[in-house]
Participant: 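Mind looking over this structure? Questions follow.
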Amino acid sequence: DPGRRMRAASSLLLSPRGTRPGHMTRHQRPCHPLWTSVAFVRHLQRTDSFSSPLSPKLDMSEMVPPEVRPKPAVPAKPAHVVPSSAHTPHGPGAGGPGSGGSTLLGYIGIDTIIEQMRKKTMKTGFDFNIMVVGHSGLGKSTLVNTLFKSQVSRKSAGWSRDEKIPKTVEIKSVSHVIEEGGVKMKLTIIDTPGFGDQINNNNCWEPIEKYINEQYEKFLKEEVNIARKKRIPDTRVHCCLYFISPTGHSLRQLDIEFMKHLSRVVNLIPVIAKSDTLTPDEKTDFKQRVRKELEICGIEFYPQKEFDEDTEDKSDNDKIREAMPFAVVGSDKEYQVNSKRVLGRKSPWGVVEVENPNHCEFSLLRDFLIRSHLQDLKEVTHNIHYETYRAKRLNDNGGLHPISTGVGDTQESNL
Amino acid sequence: APQSLDKEYVGFATLPNQVHRKSVKKGFDFTLLVAGESGLGKSTLVNSLFLTDLHKDRKLLNAEERINQTVEITKHTVDIEEKGVKLKLTIVDTPGFGDAVNNTECWKPITDYIDQQFEQYFRDESGLNRKNIQDNRVHCCLYFIPPFGHGLRPVDVQFMKALMEKVNVVPLISKADCLTPGEMKKMKDRVREETDKYGLKVYQFPDCDSDEDEEFKQQDRELKESTPFAVIGSNTVVEARGQRVRGRLYPWGIVEVENPSHCDFVKLRNMLIRTHMHDLKDITCDVHYENYRAQCIQQMTSKLTQDNRVESPIPILPLSTPDVETEKLIKMKDEELRRMQEMLQKMQQQMHEQDL
């Protein structure tokens with residue numbers, strides 16, 4: 001039934017490149033097969049085109065020639081899944097006359113797509129790669145353990161705490177599969193020991209930038225393959241937590257240099273480490289100064305302003321941006337406070353409670369990172385950072401040649 | 001019997017009192033160098049130690065302004081008086097130390113400064129009017145180690161190596177309220193371990209004499225075992241346990257600067273000011289300065305034997321920061337002088353020949 005054809009955004013759609021030398025805008029992004037759940041539904045809500053006469057029947061394994069997608073309007077999110085009057089549905093079953101709003105006359109069951117996608121995600125699980133960068137001793141491993149409530153850092157994975165500071169920045173990653181509510185997540189923590197610890201730290205961000213680009217390259221090579229895997233293993237860095245030393249003055253030279261370079265290739269989230277060393281006033285002053293400096297230096301940390309999709313997004317993200325960088329404290333020890341067991345740090349003058357919003361902003365960071373923006377981090381990485389890398393590579397090399405799997409096939413890709 | 005005591009009493013036991021009175025009249029001076037990265041609470045600690053506000057109008061540079069900043073040496077002098085005793089305190093600050101991306105040899109301006117003060121004193125000592133020599137030599141260097149690491153970092157080790165032969169280095173763990181007691185103990189152990197490992201000679205408290213009382217010896221032992229001192233400073237006064245004390249107010253509690261169970265500030269203050277100030281000065285004069293002087297003289301004598309020239313008794317030592325322009329000028333003038341001397345010689349010869 002042609003009317004019921006849904007545009008399966010689940011294959012790799014390619015939009016024309018070269019529209020902007022810099023980042024791709026979100027609206028022109030293709031969708032990746034894996035994370036269609038939220039993105040897909042949102043897409044549905046906006047465009048409501050249940051099928052388009054332009055695109056043939058698509059399924060997950062086919063490649064589609066480049067197609068110009070109309071830039072959808074950016075309305076506020078509708079409360080229900082009710083087709084807006086912006087685009088008229090083409091197929092039958094929409095009911096009512098062609099132009100103008102159309103209300104559904106009966107229950108179709110489209111909204112169960114969310115449940116279907118959820119089930120699928122639960123079965124396949126998903127990957128999340130997070131990188132931590134900062135001087136040694138800023139509590140990176142502890143914070144990561146606290147965030148994911150398990151011993152996931154490199155140090156806990158049995159790697160002995162290296163006594164020596166490495167001479168160059170090393171990249172070490174550790175993966176764990178953690179499960180919650182039936183959802184499996186393969187979490188990879190990428191550590192960067194040696195960053196900022198030497199006397200001469202010139203260009204110490206280069207190994208990190210190189211690593212991030214290498215992951216993009218790996219993914220690109222897989223994508224461009226003629227016979228490629230159904231699910232490309234995703235080792236790209238979805239999020240980079242940068243730990244700022246709580247001096248109380250302002251950002252250090254190295255902080256600015258690092259963030260300038262890396263905010264262009266990865267989602268950068270600065271946090272103020274070991275913030276229990278700042279009194280509330282000092283904290284506020286420090287955060288203000290840091291934010292101002294980031295603005296002056298043109299460093300766009302995540303969530304980046306230019307990628308806000310609609311006004312609701314913008315207002316949510318604005319609130320978050322105002323509160324960043326989050327001043328955090330990590331701990332894996334529990335103490336008894338007022339007959340409750342809390343995660344914290346105990347000193348002769350009191351207990352710093354990690355999850356108490358009056359003490360530090362750990363819970364804000366956790367909610368932001370995991371509970372609300374986890375999927376978005378992955379999307380921005382794929383749709384923007386990765387695409388920027390890809391576009392650059394294609395423009396530089398004048399086209400990429402597919403890696404044939406030994407069959408001797410020299411068919412040029414459609415790129 | 002008191003009479004016999006009188007007969008045998010000469011009276012020079014009052015010497016210390018006489019010295020005391022003279023010193024009180026003259027006043028003391030003390031130069032303290034503070035070094036460490038910015039944001040470790042150096043200025044706050046100095047204010048807390050001497051109960052002054054030395055940096056009232058300090059403007060913190062933002063990151064853009066600091067991009068091309070090099071290590072500076074700034075001096076603040078303040079005259080403090082307590083119970084009739086005057087102290088001329090000089091605090092030498094080192095803004096910019098360790099803040100750049102590339103901190104290679106960032107301690108060089110500091111070692112140069114210390115050497116300059118030694119040289120100045122050396123020249124003054126060898127001069128003609130020695131009555132009013134100003135002693136600007138650095139008596140003590142407080143080095144601030146960040147509490148965020150796991151012990152000494154490469155820059156800490158290099159700094160202390162460069163300075164340990166020139167000045168009394170007292171390493172401190174700054175912002176001590178960042179660490180729990182367990183973490184602090186680990187940190188101190190590591191710092192002590194690494195100090196030994198790298199052969200860093202930090203200021204050692206002199207052993208107390210065997211005839212001191214037990215309580216004093218106990219205190220001394222405790223003092224030595226709690227090095228490096230973990231300190232906290234504060235410019236604000238808060239209300240704690242019904243008293244007004246210097247401290248830091250957190251949502252989870254109040255850290256008191258002068259509470260020995262919170263940090264070692266009191267120990268540091270006692271050591272620095274109340275018990276060992278004079279010892280620090282003595283070691284500076286007797287050890288560090290003498291080392292410098294011996295080195296200098298050795299260099300001069302080796303130069304003498306090399307050059308076969310008669311050097312003036314007052315050594316003209318090279319400036320630590322030679323100005324390229326003036327060097328060129330000096331070379332030019334030297335050349336001119338030589339040429340003129342040659343001409344003079346020629347003229348003298350001619351005259352001599354004419355006379356003959």
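Numbered from 1 within each chain, the chains take letters A, B, ... in sequence-line order.
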Participant: Other residues, nucleotides and ligands only: do more than 12 of their heavy atoms fall within 6.0 Å of NZ on B/K224?
Facilitator: yes
Participant: Please determine, among A/D255, A/N203, A/D276, the option with the most heavy-atom pairs under 4.5 Å with chain B.
Facilitator: A/D276
Participant: Can you tell which of A/N358, A/L254, A/V352, A/N356 has the highest number of heavy-atom pairs within less than 4.5 Å of chain B?
Facilitator: A/V352
Participant: With chain A as the partner, which of B/V255, B/N259, B/L179 has the greatest number of non-hydrogen pairs under 4.5 Å?
Facilitator: B/V255
Participant: Verify, without hydrogens or angle tests, whether B/Y250 (side chain) and A/W349 (backbone) share a donor-acceptor contact under 3.5 angstrom.
Facilitator: no
Participant: In terms of heavy-atom proximity below 4.5 Å to chain A, should B/E37 be classed as side chain, backbone, both, or neither?
Facilitator: side chain
Participant: With a 4.5 Å heavy-atom cut-off, do A/R252 and B/D99 have their side chains touching?
Facilitator: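 Sidechains of B/D99 and A/R252: in contact.
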Participant: Considering only heavy atoms from C-beta outward, does the side chain of A/V337 approach that of B/W252 to under 4.5 Å?
Facilitator: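 With C-beta onward as the side chain, the pair stays apart.
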Participant: Treating B/K175 as the side-chain partner and A/T247 as the backbone partner, does any N or O pair qualify as donor plus acceptor under 3.5 Å?
Facilitator: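 Indeed, once roles are kept as given, a pair shorter than 3.5 Å links the two residues.
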Participant: So, for A/T277 and B/C178, which heavy atoms are closest and what is the spacing to 0.1 Å?
Facilitator: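 That closest heavy-atom pairing would be OG1-CB, 3.8 Å.
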Participant: Using a 4.5 angstrom heavy-atom cutoff, name the option from A/K283, A/E282, A/H359 with the most pairs to chain B.
Facilitator: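 Of the candidates given, the most pairs with chain B belong to A/H359.
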Participant: Using non-hydrogen atoms only, which part of A/V351 is less than 4.5 Å away from chain B: side chain, backbone, both, or neither?
Facilitator: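 Contact with chain B: backbone only.
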Participant: For the candidates B/P251, B/G41, B/G182, B/S174, which exhibits the highest count of non-hydrogen atom pairs separated by less than 4.5 Å from chain A?
Facilitator: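 Heavy-atom pairs under 4.5 Å are most numerous for B/P251.
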Participant: Count the heavy atoms belonging to other residues, nucleotides or ligands that lie under 6.0 Å from NZ of A/K346, then report whether that count exceeds 12.
Facilitator: no
Participant: Any heavy-atom pair between the side chains of B/E183 and A/R345 that's under 4.5 Å?
Facilitator: yes
Participant: Ignoring hydrogens, what is the shortest heavy-atom contact between A/Q198 and B/P154? Give both atom names and the distance.
Facilitator: OE1-CG, 4.3 Å
Participant: Among the options A/S275, A/G344, A/P348, pick out the one with the most heavy-atom pairs lying under 4.5 Å from chain B.
Facilitator: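 Looking at each of A/S275, A/G344, A/P348 in turn, A/P348 comes out on top.
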Participant: Can you tell if the side chain of B/F148 reaches within under 4.5 Å of the side chain of A/S136, non-hydrogen atoms only?
Facilitator: no
Participant: Of the backbone (N, CA, C, O) and the side chain (C-beta and beyond), which part of B/L40 lies under 4.5 Å from a heavy atom of chain A, both, or neither?
Facilitator: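 For B/L40, neither part sits under 4.5 Å from chain A.
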Participant: Compare every heavy atom of A/I199 with every heavy atom of B/Q158, then report the nearest pair and how far apart it is.
Facilitator: CG-CD1, 3.2 Å
Participant: Closest approach of B/N102 and A/N202, non-hydrogen atoms and distance?
Facilitator: ND2-ND2, 3.2 Å
Participant: Which atom names give the shortest non-hydrogen contact between A/H249 and B/G39, and what distance separates them?
Facilitator: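 Minimum heavy-atom separation between A/H249 and B/G39: CE1-N, 3.5 Å.
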Participant: Under 4.5 Å from any heavy atom of chain B, what part of A/E353 do you find: side chain, backbone, both or neither?
Facilitator: neither
Participant: Can you tell me how far the CG atom of A/D281 sits from the CG atom of B/L249, to the nearest 0.5 Å?
Facilitator: 8.5 Å
Participant: Given that the side chain runs from C-beta out, which part of A/H135 has a heavy atom under 4.5 Å from chain B: side chain, backbone, both or neither?
Facilitator: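 Contact with chain B: none, neither part.
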